There are 2 protein chains.
Amino acid sequence: MEELPSWVLSQVSAQGHRIIVERFGAVGARGYHYRLLRSLATDGPASQAALGRRTGIYLSDLVGALNELEEAGYVRRSPDPADRRRNVVGLTDRGRERAEELTERAHAVQEELLAPLSAPEREQFAGLLQRLLEHHRSGG
Amino acid sequence: MEELPSWVLSQVSAQGHRIIVERFGAVGARGYHYRLLRSLATDGPASQAALGRRTGIYLSDLVGALNELEEAGYVRRSPDPADRRRNVVGLTDRGRERAEELTERAHAVQEELLAPLSAPEREQFAGLLQRLLEHHRSGG
DNA sequence: TCGTAAACGTTCGGAAGTCCAACGTTAGGT
DNA sequence: ACCTAACGTTGGACTTCCGAACGTTTACGA
């Protein structure tokens, strides 16, 4: 009855999501927080619009997530003097620490999710996923 | 910057979800409907609780989805004479047709999602996903 | 046999992620 | 100067996941 990979994908992803919620929830974070802090840590400060493009998070959702991060003191919004439409979003020192903390958690999630796969299999898996993502990110 | 596969997985799955909503929404259906109709078509009638176990859908969500399917005439709830707690859920003739229709759509979704992969790559991908799924379904 | 525990269907509600439509403000191009 | 586009924000919708609670019915153990 040929299980359709797209549905298996859904279920595996659901498992992954469950683990993410669990591991991150334990320290009061959620997926968006990690995505944002990581993007800021690795690619530097950016306007919200640019951040949205980088992380694939909708602008409307970004607002809320940034509010949470800002209230927690992980992130700072400062007006861009060169363009008064923009907020430049940057990490605070605490934010940098938080990014590292969440990155560790993310690796733990990964380890848990990919546990049954060998190193070369993980490479394969990551490669295939990456190609799928790129295809759908550009061509749609 | 070593993109973590678990996050790429999330995003690819989100893409898949988007396609599913789009393709199924075009005929007034959603993911749960397909999951349920397919399960009923391939594994036969069942009580709601059993159906929930088979499809991985929460009982609380199942109620609503079955209401929709029943109202559309795709599914029938009849009291189980052997156990008055149970409803036996079965497909109607129209439900069988609907299951086939949605199965075709599911294949289209699949084709769209896995478009950039060759046949042997899809095999690989499906195999890896299957192993992940089995691991998390049993061991947790 | 009686009482407790379990299963079943249902309702309610919340968290998280994804997505769209609209609005006022500000920049940029013509 | 005008029109278009980008930007940040708000509000809402939908799907999936998940838990709490409740009444009914069955099963089991004392």
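Residue numbering restarts at 1 for every chain, and letters A, B, ... go by the order of the sequence lines. Keep in mind the model is a prediction, meaning the values are calculated, not measured.
Of all nucleotides listed (dC8(C), dT11(C), dG17(C)), dT11(C) comes nearest to the side chain of V63(B).
Taken from CD1 in I57(A) to CG in L36(A), the straight-line distance is 4.0 Å, to the nearest 0.5 Å. For the atom pair CG of L51(B) and CG of N87(B), the computed distance is 11.0 Å after rounding to the nearest 0.5 Å.
Between the CD atom of Q11(B) and the P atom of dC19(C) there is a distance of 10 Å, rounded to whole Å. Atom CD of E68(A) is separated from atom P of dA15(C) by 11 Å (rounded to the nearest Å). Residue Y32(B) contributes atom OH, which lies 15 Å from atom P of dC14(D) at whole-angstrom precision. Note: NE2 (H17(B)) to C1' (dC19(C)) measures 9 Å, nearest angstrom. Regarding R30(A), its CZ atom lies at a distance of 17 Å from the P atom of dG14(C), rounded to whole Å. In this structure, the CZ atom of R86(B) is 14 Å from the P atom of dT10(C), given to the nearest Å. In this structure, I20(A) atom CD1 and dA16(C) atom P are separated by 13 Å, rounded to whole Å. Note: CD (E22(B)) to P (dT18(C)) measures 17 Å, nearest angstrom.
Listed by chain and residue number, nothing satisfies the side-chain contact (heavy atoms from CB on, under 4.5 Å) test with E97(B) (two or more places apart in sequence, or in another chain). For V63(A), the side-chain contact (heavy atoms from CB on, under 4.5 Å) partners at least two apart in sequence or on another chain are Q48(A), N67(A). Considering only residues two or more places apart in sequence or on other chains, R76(B) meets the side-chain hydrogen bond (donor to acceptor under 3.5 Å, both in side chains) condition with none of them. With sequence neighbours excluded, the residues forming a side-chain contact (heavy atoms from CB on, under 4.5 Å) with D80(A) are A82(A), D83(A), R86(A), V88(A), listed by chain and number. Among residues two or more places apart in sequence or in another chain, the side-chain contact (heavy atoms from CB on, under 4.5 Å) test is passed with V109(B) by I19(B), I20(B), R23(B). Shown here are the salt bridge (charged side-chain N to carboxylate O under 4.0 Å, His left out) partners of E111(B), two or more places apart in sequence or in another chain: R122(B). Not a single side-chain hydrogen bond (donor to acceptor under 3.5 Å, both in side chains) links R94(B) to another residue, sequence neighbours left out. Qualifying salt bridge (charged side-chain N to carboxylate O under 4.0 Å, His left out) partners for E100(B), counting only residues two or more places apart in sequence or in other chains: none.
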### side-chain contact (heavy atoms from CB on, under 4.5 Å) assessment of R131(A) paired with L117(B)
CA-CA 8 Å; R131(A) 281 184 43 210; L117(B) 301 187; 3.8 Å; yes

Below 3.5 Å, can you tabulate the donor-acceptor pairs from side chains in residues 24-32 of chain B to any protein atom, sequence neighbours excluded?
| from | atom 1 | to | atom 2 | distance (Å) |
| --- | --- | --- | --- | --- |
| R30(B) | NE | E68(B) | OE1 | 3.2 |
| R30(B) | NH2 | E68(B) | OE1 | 3.3 |
| R30(B) | NH2 | E68(B) | OE2 | 3.3 |

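Close to dT18(C), at under 4.0 Å from its OP1 or OP2, lies no side-chain N or O of R18(B). For dT9(D), the OP1/OP2 oxygens have a side-chain nitrogen or oxygen of N87(A) closer than 4.0 Å.
Residues L66(A) and S10(A) each lie close to DNA chain D; by heavy-atom proximity, the contact nearer the 5' end of the strand is made by L66(A).
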### Task
Treat primed atoms plus P, OP1 and OP2 as sugar-phosphate and everything else as base, then score nucleotides 21-28 of chain C 5' to 3': B for base contact with protein heavy atoms under 4.0 Å, S for sugar-phosphate contact only, - for none.
-----BS-

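Contacts between residues 45-59 of chain B and DNA chain C, counted as heavy-atom distances below 4.0 Å, involve S47(B), Q48(B), A49(B), R53(B), L59(B).
You'll find a donor-acceptor pair under 3.5 Å spanning the side chain of D61(A) and the base of dC19(C), going by distance alone.
Residue-level contact check: G25(A) touches neither bases nor backbone, having no heavy atom under 4.0 Å from any strand.
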### Summary
Read 5' to 3' with Watson-Crick or G-U pairs under 3.5 Å, [ ] for crossing pairs and | for partners on another strand, DNA chain D gives ||||||||||||||||||||||||||||||

